[in-house]
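Chain identifiers are assigned alphabetically (A, B, ...) following the order of the sequence lines, protein sequences preceding nucleic acid strands; residue numbering begins at 1 within each chain.
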2 protein chains.
Amino acid sequence: MNHTYLPNEFAKRAGVTIRALHHYDRLGLLKPSGRTAAGYRVYSDRDFARLEQIVALKFIGFPLSQIRELLHRKDTDLTAALRQQREILAEKREHLDRAMQAIERAEKIVASGGKPDWEPFRKVIEVIQMQTRKDWMKKYYTEEQLANLRKRWSPEVQAESQRGWEALAKDTEEAIATGADPAGEVGRQLAARRKRLLAMFTGGDPGMEQNLQKLYADKANWPASFKKPYSDAVDRFLCQAAEALAKNEPVGCE
Amino acid sequence: MNHTYLPNEFAKRAGVTIRALHHYDRLGLLKPSGRTAAGYRVYSDRDFARLEQIVALKFIGFPLSQIRELLHRKDTDLTAALRQQREILAEKREHLDRAMQAIERAEKIVASGGKPDWEPFRKVIEVIQMQTRKDWMKKYYTEEQLANLRKRWSPEVQAESQRGWEALAKDTEEAIATGADPAGEVGRQLAARRKRLLAMFTGGDPGMEQNLQKLYADKANWPASFKKPYSDAVDRFLCQAAEALAKNEPVGCE
DNA sequence: TCTTGACCCTTCCCTTACGTCAGACCTTAA
DNA sequence: TTAAGGTCTGACGTAAGGGAAGGGTCAAGA
């Protein structure tokens, strides 16, 4: 059972390249058990186990330097390292999500044409600034609520929400064009759709709903990225409809 | 309105470092409009617009070399570049998701203690192998179904699902200990919980449910990472309960 | 006029995790 | 004996800048 391997076989079995083995050797991360008379590296089963660990730690994103620490010193706090690494990955994922969202926006604007080619990037920049506007959002949301929001507000959900708002805007414009009454049946249905879309954002948390209304009222200080995708007329109609739908609840129209 | 900026003001306004400006200058990505007699870089509003574009494209993950192409040649296909970039980001996100899942597993095993410190990494490796087992999953799932699954199966959902299974296992063990009947009321409720957890995975797609059953039957070929977190006794009890709950539907127990 | 502090310049080395040569050495089969 | 295939070390390249060395510029205060 105590096999020995030459570099080629060893590397293939572990799914790494020979060059990587050289690299780990030079870093002192994985020294081969021995050498042949000609100087060829010779690896053992124990080396293989260690390489497996290295590969695993690399997969979850640890840098080689830290892997060496973790494998070298038994006293290193593994749980703390894992937790920290998970947090790092979570941050990276957040960035990726925002980048994907930005691309989708840009694609949409490019596809709708008409504008000069570089218009999309204004939008992208707005999204970035929204990211740096975290402190602004903290005026209204607690850290915990923001964390929940980030969890729920995946790019897919965002995309769906955006589609929903666009469709709602279109239908509302039609309703206005046909002279519909905000308090009538059509308005009632549109208001219900608006409510569901808001619920996608708040996740049904009443605290967040309140905050959303305060935030909505703070119109003067909105970052540009919060600009609604529909006109003031549509906004007014929907607000009136929403108030008609729920006579007793404040709706957040000015 | 035609402002000029020295590096400090310019960099701050755009949210980059002076060192980055030097870098872009050297790459020919953003040459300042002019220089003072002393050799200081002088930037204009047009430079600012260009820098905004650079920052935006960098945010969505384009390398500087490609950014230069995109900004230099008007004929470059922007839509194609955006689509491709989105795909690249999607792949990265997939990797991140799997890494986070691996960390969560490792953390759980470390926390439960008892095992030698390096046991967790066996589990991590299994997750990696599951990744390379894509071809195996394709036996049962179409590409489209897999894509849907990846969308829905975020780390958060995974974590929640895992918690759900663990709780279900615990409660089922208790039920077995008290001699409950799989076909009785307790069994009925446990079976319903099992069904809901499966639904988290299938998303209610009946095609995927069928596949899940086929996959379940292919027990001999399961990758190790699919090992259930509960004992065979719990498994049998839940299967019998599920069959009792839905007399006419096949449940997938052997 | 001299100095201080805040800017700015260029050039060079450093970072990660290897990939890619280049030139030389080893082993084995034909 | 030679050809093929495997291996060695060493050096350089990658992306996107960070940091430091060593030096110039500018405005204001002593």
Side-chain angles (χ1 to χ4, degrees), chain A residues 4-43 47 50-51 53-71 85 88-89 92 95-96 99 128, chain B residues 4-43 47 50-51 53-71 85 88-89 92 95-96 99 128:
Chain A
T4 64
Y5 313 83
L6 281 183
N8 195 4
E9 187 188 358
F10 190 67
K12 273 183 190 153
R13 184 172 291 266
V16 304
T17 67
I18 293 184
R19 194 56 188 80
L21 293 178
H22 290 177
H23 193 57
Y24 299 159
D25 189 356
R26 202 159 62 91
L27 293 185
L29 187 52
L30 175 65
K31 296 268 183 205
S33 297
R35 298 272 188 148
T36 68
Y40 288 17
R41 289 173 178 79
V42 177
Y43 293 93
D47 293 333
R50 187 174 171 98
L51 184 54
Q53 294 167 359
I54 292 170
V55 169
L57 290 168
K58 207 158 62 73
F59 179 80
I60 57 185
F62 283 108
L64 296 186
S65 55
Q66 200 174 349
I67 293 178
R68 190 172 42 196
E69 300 269 304
L70 287 170
L71 293 180
Q85 187 60 22
I88 290 172
L89 295 193
K92 285 189 184 174
H95 179 100
L96 271 185
I128 297 169
Chain B
T4 64
Y5 312 83
L6 282 182
N8 195 7
E9 187 188 358
F10 190 68
K12 274 183 190 152
R13 184 173 291 265
V16 304
T17 66
I18 293 184
R19 194 60 189 75
L21 292 178
H22 290 177
H23 193 55
Y24 300 159
D25 189 356
R26 201 159 63 92
L27 293 184
L29 186 53
L30 175 65
K31 296 268 183 203
S33 297
R35 297 272 188 148
T36 69
Y40 290 16
R41 289 175 177 78
V42 177
Y43 294 93
D47 294 334
R50 186 174 171 99
L51 184 53
Q53 294 167 0
I54 292 170
V55 169
L57 290 169
K58 206 159 61 72
F59 179 79
I60 57 185
F62 283 108
L64 296 185
S65 55
Q66 199 174 349
I67 293 178
R68 191 172 40 197
E69 301 268 305
L70 287 171
L71 292 181
Q85 187 60 21
I88 290 172
L89 295 193
K92 285 189 184 173
H95 179 98
L96 273 184
I128 298 170

Enquirer: Quickly work out the A/L21 CG to D/dG6 P distance and round it to whole Å.
Expert: 15 Å
Enquirer: Tell me if the CZ atom of B/R35 is crowded by more than 12 foreign heavy atoms within 6.0 Å.
Expert: yes
Enquirer: For A/K12, does the NZ atom sit with more than 12 other heavy atoms under 6.0 Å from it, leaving out its own atoms?
Expert: no
Enquirer: Considering just the side-chain nitrogens and oxygens of A/R41, establish if one lies under 4.0 Å of OP1 or OP2 belonging to C/dC26.
Expert: no
Enquirer: First locate atom CG of B/L30, then atom CG of B/L64, and finally report the distance between them rounded to the nearest 0.5 Å.
Expert: 11.5 Å
Enquirer: What is the distance, to the nearest angstrom, from the CZ atom on A/F59 to the P atom on C/dA17?
Expert: 16 Å
Enquirer: Using heavy atoms to find the nearest nucleotide of DNA chain D for B/Y40 and B/P63 separately, return the residue whose nucleotide is more 5′.
Expert: B/P63
Enquirer: To the nearest Å, how far apart are A/L64 CG and C/dT15 P?
Expert: 14 Å
Enquirer: Is there a side-chain contact between A/D47 and A/Y5, using heavy atoms and a 4.5 Å cut-off?
Expert: no
Enquirer: If a pair satisfies side-chain hydrogen bond (donor to acceptor under 3.5 Å, both in side chains) and one of its residues is in residues 13-23 of chain A, list it, with sequence neighbours excluded.
Expert: A/H22-A/R41
Enquirer: Go through residues 22-39 of chain A and report each residue with a non-hydrogen atom lying under 4.0 Å from DNA chain D, sorted by number.
Expert: A/H22, A/R35, A/G39
Enquirer: With a 4.5 Å limit on heavy-atom distance, are the side chains of B/Y43 and B/L21 in contact?
Expert: yes
Enquirer: Run A/L57 and A/L71 through side-chain contact (heavy atoms from CB on, under 4.5 Å) and show every step you take.
Expert: CA-CA 10 Å; A/L57 290 168; A/L71 293 180; 4.2 Å; yes
Enquirer: Hey, is the side chain of A/K58 poking within less than 4.0 Å of OP1 or OP2 on C/dC18, counting only N and O atoms?
Expert: yes
Enquirer: Contacts to DNA chain D from residues 7-19 of chain A, heavy-atom cutoff under 4.0 Å, which residues?
Expert: A/P7, A/N8, A/I18, A/R19
Enquirer: Grab the CG-P distance between A/L6 and D/dG5 for me, whole Å please.
Expert: 17 Å
